[in-house]
Amino acid sequence: MKKHFLKSFALLAMLFSALTLSAAEQYCHKEMTNGDKTIYVTGQSLGGDQYQLIIESDGEMGGLGGSFINVNGVGGYQLNKEGNFELSADKKTITCNITSTVPPTHYTPLYVLMPGEVNFGQPDIDYSQTCASSGDETPDTEAP
């Protein structure tokens, strides 16, 4: 009985590791620059009508400025005023969770406070989680 339990546990652990790795292999980011400031933007589908936007930086960020996206095909969703974003403890990652029946799209520049309001342009986010080898995206081996 004990051997059967251990084998089952080991099999579940391997399956979980494989699922985690496959998700990590699909996690890509796009580099965007403005002068000496650089951020990495990732858009990923979490399944169903849930999407996530992740903004990473080597330096500290304070949040988002006036960044607007289309949600369900309708504009006016301001990322920093809906209470949907979280700034990591080290202030190097901003995570936004978005509910939409279609992939959300930016229609204004992405403004990041780092310090000041830095305009990084209008990111072209691919929520399909496929990593194209276009040179501006690199695979991330860490799970999100």
*Are Ile39 and Phe85 grouped together when hydrophobic residues (ILVMFWY) are joined by side-chain heavy atoms under 4.5 angstrom apart?*
yes
*Does Ser100 reach the main-chain N or O of Pro104 with its side chain, forming a donor-acceptor pair under 3.5 Å?*
no
_Between Glu117 and Asn119, do the side chains contain a donor N or O and an acceptor N or O under 3.5 Å apart?_
no
*Run the numbers on Gln122 and Asp124 for side-chain hydrogen bond (donor to acceptor under 3.5 Å, both in side chains), then give the verdict.*
CA-CA 7 Å; Gln122 188 174 336; Asp124 179 21; over 6 Å; no
*Roughly how far, to the nearest 0.5 Å, is OH of Tyr40 from CZ of Phe120?*
10.5 Å
*Ignoring hydrogens and angles, tell me if any N or O in the side chain of Asp49 forms a donor-acceptor pair with the backbone of Thr101 under 3.5 Å.*
no
*Any donor and acceptor pair, going by atom type alone, linking the side chain of Asn72 with main-chain N or O of Val74 inside 3.5 Å?*
no
_NZ (Lys91) with more than 12 external heavy atoms under 6.0 Å_ = no
*What orientation do Tyr127 and Tyr51 show, parallel under 30°, tilted 30 to 60°, or perpendicular over 60°?*
perpendicular
_Just to verify, what does Asn97 make a side chain to side chain donor-acceptor pair (under 3.5 Å) with, not counting sequence neighbours?_
Gln52
*How far apart are the closest heavy atoms of Leu64 and Cys96, and which atoms are they?*
CD1-SG, 3.8 Å
*By side chain to side chain donor-acceptor pair (under 3.5 Å), which residues pair with Asn70, not counting sequence neighbours?*
Thr105
